[in-house]
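Numbered from 1 within each chain, the chains take letters A, B, ... in sequence-line order. In what follows, every heavy atom counts, from backbone to side chain, and hydrogens, waters and symmetry copies are set aside.
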Amino acid sequence: MLDWKWVRENKDFVRRALETRNSSPELLEEILAVDEKRRGLQREVDELKAKKNQLSKNVGACKKEGKDPAPLLREIEGIAVTIEKLDRELKEIEKIWEEKLLFLPNLPHHTVPVGRSEEENVEVRRWGEPRRFDFSPRPHWEIGEELGILDFERGAKVASSRFTVLWGQGALLERALINFMLDLHTEQHGYKEVFPPFLVNTKTMIGTGQLPKFYEDLYHCQDDLHLIPTAEVPVTNLHAGEILEEEDLPLSYVAYTACFRREAGSYGKDVRGLIRQHQFNKVELLKFAHPESSYEELESLVHDAEMVLQLLGLPYRVVALCTGDLGFAAAKTYDLEVWLPSQGRYREISSCSNFEDFQARRANIRFRSASGKVAYVHTLNGSGVAVGRTLLAILENYQEKDGTVVIPEVLRRYMHGLELLIPSVR
RNA sequence: GGAGAGGUGGCCGAGUUGGUUGAAGGCGCUCGACUCGAAAUCGAGUAGGCAAGUGAGAGCUUGCCUCGUGGGUUCGAAUCCCACCCUCUCCGCCA
């Protein structure tokens with residue numbers, strides 16, 4: 001949610017900013033119109049209420065003095081009728097205003113490159129040299145099935161397409177990656193580990209911006225609960241409605257969770273393999289930062305995520321998303337893209353964003369500064385990193401001609417010293 | 001799921017014969033005094049949201065709303081009534 005008073009005073013700037021992110025301008029105009037009505041009504045109602053409150057006080061005083069309050073009561077009666085009518089109107093219009101406001105996206109930070117789509121994202125840096133193969137590198141689904149660790153058929157049987165079963169050393173590798181990432185971020189980068197619920201209520205989904213706009217992307221359960229699409233949702237909302245201490249900022253959390261996404265609208269995309277699943281594991285980095293230093297915190301968060309790929313020896317690049325490719329709630333986003341030999345290109349494995357106070361407003365997360373003033377914090381998060389895609393990247397980047405896969409050095413202590421995955425059928 | 005207790009400001013905690021109580025007191029925090037400095041002590045200040053006015057601005061002034069949430073009763077509710085949510089204790093069930 002944007003700072004509405006500020007929006008009202010900077011309409012033109014907001015209009016232009018929304019344009020750069022391909023957001024239609026009509027919504028803004030609608031909200032502005034509703035807001036005009038809302039404020040007019042509130043002024044009117046407030047004045048009437050002030051009058052009525054004063055008269056009510058007089059009734060008390062009147063009775064104390066032993067006088068007859070009847071004339072006052074008649075006057076109050078008349079005002080009360082008007083108030084009730086206007087108050088109902090005001091409430092309705094406030095509801096409409098708030099609901100519309102929830103659909104207005106965040107504005108891009110001024111450092112975000114302007115562009116219409118993905119193609120105009122800007123590469124910031126590269127790390128690692130894609131390996132030169134003396135054979136044609138195979139896709140991970142072939143490697144994984146041959147190793148007997150990836151089972152797509154049974155995933156589809158017990159659930160549906162886009163679900164995968166990991167067997168034996170594949171399951172172990174998944175678990176090893178999670179532990180490796182958690183240990184790295186807690187021990188080397190100073191994050192506090194959290195294990196949050198995988199189901200959250202509607203209010204929580206609204207807090208981080210998934211609802212009401214992206215209802216179709218989520219799985220919904222009974223009892224006002226929804227499956228989380230990312231740890232960002234429960235963990236950011238951990239501090240919803242709270243006032244944090246300025247000296248505690250930034251708070252840095254790392255959480256492993258499973259993530260659930262319906263992937264509605266991505267039919268036909270990445271249908272094979274592990275790239276796009278309805279359920280996947282992710283280790284997520286989150287920060288609650290002081291507004292003055294949130295962009296420095298974003299840079300350090302990106303570096304923390306990059307370290308995972310560097311230690312695993314996976315070549316990647318960092319991309320700054322352009323205004324047109326920015327997510328609904330983000331003010332600025334860097335994607336980490338890992339090299340996939342079978343596709344001969346980089347694919348997203350992490351997305352790191354500063355949401356500024358957009359989520360903090362929705363979830364009401366604030367801090368008290370030394371001067372006693374209360375202000376919204378900035379929230380940030382980024383994958384550190386997506387586990388399934390990391391596993392797939394390892395299979396592809398570390399594959400050998402004979403079908404074996406070398407386990408990256410840093411993972412071996414998490415895998416009982418295992419150095420090589422070998423096809424069981426050999 | 002059943003029975004009981006409870007949800008008040010950053011925190012703790014008063015406040016149920018409805019009426020200057022948006023809220024005593026304490027802690028914490030801020031400023032000031034004392035001090036070379038600090039501690040202790042003393043004094044002052046200290047909820048949030050919305051709207052309007054004023055100011056270049058930090059801010060200041062006024063009004064409205066908020067004592068879990070939403071309704072209701074009443075001229076007037078933290079205080080009375082109803083529904084829901086949450087916490088705690090006991091019982092049941094359960095990994």
Self-check item: Value in whole Å for how far the P atom of B/U69 lies from CG of A/D224
Solution: 18 Å
Practice problem: Among the candidates B/A51, B/G10, B/C64, find the nucleotide nearest to the side-chain atoms of A/R43. | Solution: B/A51
Quiz item: Taking atom P of B/G63 as reference, at what distance in whole Å does atom CD of A/E47 sit?
Solution: 13 Å
Quiz item: How would you label the contact of A/K57 with the nucleic acid (heavy atoms, under 4.0 Å): base, sugar-phosphate, or nothing?
Solution: nothing
Quiz item: Given A/K332 and A/T111, is the side-chain hydrogen bond (donor to acceptor under 3.5 Å, both in side chains) satisfied, shown in steps?
Solution: CA-CA 8 Å; A/K332 181 168 188 170; A/T111 58; 2.8 Å; yes
Practice problem: Considering just the side-chain nitrogens and oxygens of A/R39, establish if one lies under 4.0 Å of OP1 or OP2 belonging to B/A52. | Solution: yes
Quiz item: So what does A/L73 hit on the nucleic acid, given a heavy-atom distance under 4.0 Å: a base, only sugar-phosphate, or nothing?
Solution: base
Quiz item: Nearest heavy-atom pair of A/R368 and A/V374: which atoms, and what distance?
Solution: NH1-CG2, 3.7 Å
Quiz item: For the residue pair A/F195 and A/F198, does the interplanar ring angle fall in the parallel (under 30°), tilted (30 to 60°) or perpendicular (over 60°) class?
Solution: tilted
Practice problem: Give a yes or no on whether a salt bridge exists between A/D35 and A/R39, defined as a side-chain N under 4.0 angstrom from a carboxylate O. | Solution: yes
Practice problem: Look at all strands and tell whether A/V374 reaches a base, only sugar-phosphate, or nothing, counting heavy atoms closer than 4.0 Å. | Solution: sugar-phosphate
Exercise. Could you summarise the pairing of RNA chain B as dot-bracket text, marking Watson-Crick and G-U pairs under 3.5 Å with ( ) or [ ] inside the strand and | across strands?
Key: ((((((((.[[[..)...(.....]]]((((((.......))))))((((((((....)))))))).[[[[[..)....]]]]])))))))....
Quiz item: Where each residue is assigned the nucleotide of RNA chain B containing its nearest heavy atom, which of A/W4 and A/I76 is assigned the position nearer the 5′ end?
Solution: A/W4
Quiz item: Just by modelled atom types, is the A/N201 backbone N or O under 3.5 Å from a matching donor or acceptor in the A/H226 side chain?
Solution: no
Quiz prompt | Spacing of the C1' atoms in B/G70 and B/C86 (rounded, Å) | solution = 15 Å
Quiz item: Between B/C50 atom P and A/Q42 atom CD, what is the distance in whole Å?
Solution: 10 Å
Quiz item: In terms of side-chain heavy atoms, does A/Y191 have a donor or acceptor partner in A/D304 at a distance below 3.5 Å?
Solution: yes
Quiz item: Where is the tightest heavy-atom contact between A/P105 and A/R21, given as atom of each residue plus distance?
Solution: CB-CZ, 3.8 Å
Exercise. Using the P atom as the reference point in each nucleotide, state the distance between B/A24 and B/A78 in Å, no decimals.
Key: 15 Å
Quiz item: Any chance the rings of A/F288 and A/F367 have centres within less than 6.0 Å?
Solution: no
Quiz item: Looking for any heavy atom pair under 4.0 Å, which part of the strands does A/R361 touch: base, sugar-phosphate only, or nothing?
Solution: nothing
Exercise. Could you work out the separation of B/A38 and B/G25 based on their C1' atoms and round it to a whole Å?
Key: 29 Å
Quiz prompt | A/S351 to A/D335 - nearest heavy-atom pair and separation | solution = OG-OD1, 2.8 Å
Practice problem: Kindly state whether the ring of A/F355 and the ring of A/H378 have centres lying under 6.0 angstrom apart. | Solution: no
Self-check item: Distance, rounded to the nearest Å, where A/K49 contributes NZ and B/C50 contributes P
Solution: 16 Å
Quiz item: Roughly, in whole Å, what's the span from CD in A/E77 to C1' in B/C75?
Solution: 9 Å
Quiz item: Is any side-chain nitrogen or oxygen of A/N53 closer than 4.0 Å to OP1 or OP2 of B/C65?
Solution: yes
Quiz item: How far apart are the closest heavy atoms of A/N237 and A/T204, and which atoms are they?
Solution: ND2-O, 2.9 Å
Quiz item: In whole Å, what separates the C1' atom of B/A77 from that of B/U73?
Solution: 10 Å
Quiz item: Between B/G76, B/G48, B/A52, which one does the side chain of A/R366 approach most closely?
Solution: B/G48
Quiz item: Think A/R38 has a side-chain N or O under 4.0 angstrom from the OP1 or OP2 of B/A51?
Solution: yes
Quiz item: With rounding to whole Å, what would you report as the distance between B/U46 and B/G10 at their P atoms?
Solution: 14 Å
Quiz item: Would you say a side-chain N or O of A/K51 is under 4.0 Å from OP1 or OP2 of B/C64?
Solution: no
Quiz item: Taking the same atom, C1', in B/G7 and in B/G68, what whole-Å distance lies between them?
Solution: 6 Å
Quiz item: Considering only side-chain heavy atoms of A/R368, which listed nucleotide, B/A47, B/C64, B/C75, is closest?
Solution: B/A47
Exercise. Rounded to the nearest angstrom, tell me the gap between atom CG in A/L41 and atom C1' in B/C64.
Key: 14 Å
Quiz item: How close or far is atom P of B/C65 from atom CG of A/L48, stated in whole angstroms?
Solution: 12 Å
Exercise. Please tell me which of A/E245 and A/V45 maps to the more 5' nucleotide of RNA chain B, matching each residue to the nucleotide holding its nearest heavy atom.
Key: A/E245
Quiz item: In whole angstrom, what separates A/E36's CD from B/A51's P?
Solution: 12 Å
Quiz item: At under 4.0 Å between heavy atoms, what does A/N58 touch on the DNA or RNA strands: base, sugar-phosphate, or nothing?
Solution: nothing
Self-check item: Parallel, tilted or perpendicular: ring planes of A/Y295 versus A/H109, cut at 30 and 60 degrees
Solution: parallel
Practice problem: Using the P atom as the reference point in each nucleotide, state the distance between B/G1 and B/C81 in Å, no decimals. | Solution: 25 Å
Practice problem: Tell me which residues in residues 80-101 of chain A put a heavy atom below 4.0 Å from RNA chain B, sorted by number, or none. | Solution: A/K91
Exercise. Pick base, sugar-phosphate or nothing for A/K5, based on heavy-atom distances below 4.0 Å to the nucleic acid.
Key: sugar-phosphate
Practice problem: Write down the distance separating the P atoms in B/G76 and B/U66, rounded off to the nearest Å. | Solution: 13 Å
